[in-house]
> 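Just dropping this structure here.
Whatever order the structure lists ligands and atoms in, that order sets their numbers, starting from 1.
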Amino acid sequence: MQRIDKFLCDQNLGTRKQVKEFIKNGMVTINGETVLKPEQHVDETADEVSFGGRVLNYSEFCYYMLYKPQDVVSATTDGRSVTVVDLLKPENVKGLAPVGRLDKDTEGLLLMTNDGMLTHNLLSPRKHVDKDYEVHLAHEITDAELKKLENGVDIGDETRTLPAVIYRDEPDAEGRCVIHLVLHEGRFHQVKRMLEAVGNEVLFLKRISMGSLKLDETLEPGEYRPLTAQELEGLQNS
Ligand code: URA
């Protein structure tokens, strides 16, 4: 059981203030009865809740797209550093954990969820979910080096890296070379180690996408938002 206003917030229908307003305006029913008090309790597993005449399908899972900033660690707790979970509002935490890790100095797309099955599927080496990284380099890179990266390089692991898709982007504001690496695997510090293998150095790293999910360009570093139904469906079909 939980309060109806909290339940509606968790379904991403609005802020606590907005949903209280919706309730006051008679837009919410529980088992066909209009609710007028935000503190009324609902049994989310048994009651039928409608919003504006539409029955809500209760989901115990939450999915957020976070724009991870630099200097934040991809963990749920850390004795010293701010974690990605610390960036969530307390009412959004709900056992969420990051799907995979980005290095502390890497920024960009991080999916946060409490859906263990989806996490498992997205991280499974058998699935090869593509991850697109924008990489700013310390040195110019030749086409021959890009080809090497594309075909797979020795980064000191048992096996070479899998074939990847690599493309050039416009130079950044400082005139540094920018490339994209689309990887089908996720080894420890993989992008940095791959660039090191061709004698270069990563100065800035940002994850742009994971499978069909693209980083929302309207998010500022540190901001997050729920996935849309379409985004979630795309990931579930990965
Ligand atoms: N590769 C890296 O080297 N670092 C990341 O954070 C992600 C991919």
Side-chain angles (χ1 to χ4, degrees), residues 64-78 80-88 96-113 118-139 141 145-146 148-169 172 176-217 219-224 235 238:
Y64 292 109
M65 166 192 303
L66 168 73
Y67 185 161
K68 177 196 166 306
Q70 293 178 6
D71 298 324
V72 170
V73 295
S74 303
T76 49
T77 55
D78 188 277
R80 283 178 297 179
S81 304
V82 176
T83 73
V84 288
V85 171
D86 295 331
L87 300 176
L88 304 176
L96 299 196
V99 177
R101 303 171 82 86
L102 290 176
D103 295 339
K104 191 171 177 183
D105 59 355
T106 300
E107 62 178 65
L109 175 67
L110 195 64
L111 175 65
M112 306 280 298
T113 185
L118 182 71
T119 301
H120 175 78
N121 283 338
L122 291 173
L123 297 181
S124 161
R126 279 185 300 117
K127 291 264 175 150
H128 299 313
V129 171
D130 289 351
K131 276 131 332 217
D132 183 340
Y133 293 95
E134 177 186 313
V135 191
H136 298 223
L137 297 172
H139 314 291
I141 191 160
E145 286 162 347
L146 290 183
K148 268 194 196 167
L149 291 171
E150 219 162 56
N151 291 336
V153 282
D154 181 356
I155 57 172
D157 289 347
E158 267 175 29
T159 54
R160 299 168 82 81
T161 56
L162 289 178
V165 173
I166 317 260
Y167 58 96
R168 288 183 190 272
D169 205 338
D172 66 14
R176 289 181 306 217
C177 189
V178 179
I179 59 170
H180 282 251
L181 256 69
V182 185
L183 302 183
H184 312 302
E185 54 184 343
R187 304 191 200 177
F188 185 62
H189 295 327
Q190 184 165 350
V191 174
K192 292 173 187 161
R193 290 160 71 207
M194 286 175 75
L195 270 303
E196 220 175 271
V198 292
N200 216 311
E201 188 192 344
V202 174
L203 295 183
F204 172 86
L205 185 55
K206 176 176 176 181
R207 183 154 67 192
I208 305 296
S209 70
M210 183 177 194
S212 55
L213 188 64
K214 308 245 174 317
L215 179 64
D216 182 336
E217 288 179 4
L219 291 177
E220 295 290 334
E223 289 184 341
Y224 65 99
L235 285 181
S238 295

> Report the part of Leu205 (side chain from C-beta onward, or backbone N, CA, C, O) that has a heavy atom under 4.0 Å from ligand 1; answer both or neither where that applies.
side chain
> Does the side chain of Asn121 pick up a donor-acceptor pair with the side chain of Ser124 at under 3.5 Å?
no
> So which of Leu213, Leu111, Leu110 actually passes side-chain contact (heavy atoms from CB on, under 4.5 Å) with Met65?
Leu213
> If only side-chain N and O atoms count, and only distance matters, is there a donor-acceptor pair under 3.5 Å linking Lys104 with Ser81?
yes
> Side chain or backbone of Val191 under 4.0 Å from ligand 1, or both, or neither, by non-hydrogen atoms?
both
> Counting from 1, what ligand 1 atoms have a heavy atom of Gln190 closer than 4.0 Å?
1 (N), 2 (C), 3 (O)
> Out of all atoms in ligand 1, which are within 4.0 Å of some heavy atom of Thr106? Include the element for each.
4 (N), 5 (C), 6 (O)
> For a quick test of reading the model, state the closest non-hydrogen atom pair linking Val84 to Pro98 and the distance between them.
CG2-CG, 3.9 Å
> Using the rule side-chain hydrogen bond (donor to acceptor under 3.5 Å, both in side chains), only one of Glu223, Glu107, Glu220 pairs with Tyr67; which is it?
Glu107
> Where do Thr83 and Thr77 come nearest, in terms of heavy atoms and distance?
CG2-C, 3.7 Å
> Return yes or no for this condition: an N or O of Arg193 is under 3.5 Å from an N or O of ligand 1.
no
> Look at ligand 1 and say whether Phe188 reaches it with a heavy atom at a distance under 4.0 Å.
no
> Among Val135, Leu149, Leu183, which one satisfies side-chain contact (heavy atoms from CB on, under 4.5 Å) with Ile166?
Leu149
> Looking only at distances, can you tell me whether any N or O atom of His189, backbone or side chain, sits closer than 3.5 Å to an N or O atom of ligand 1?
yes
> Geometry only, no angles: is Asp103 polar-contacting ligand 1 at N/O separations under 3.5 Å?
yes
> List ligand 1 atoms under 4.0 Å from Tyr133, heavy atoms only on the residue side.
7 (C), 8 (C)
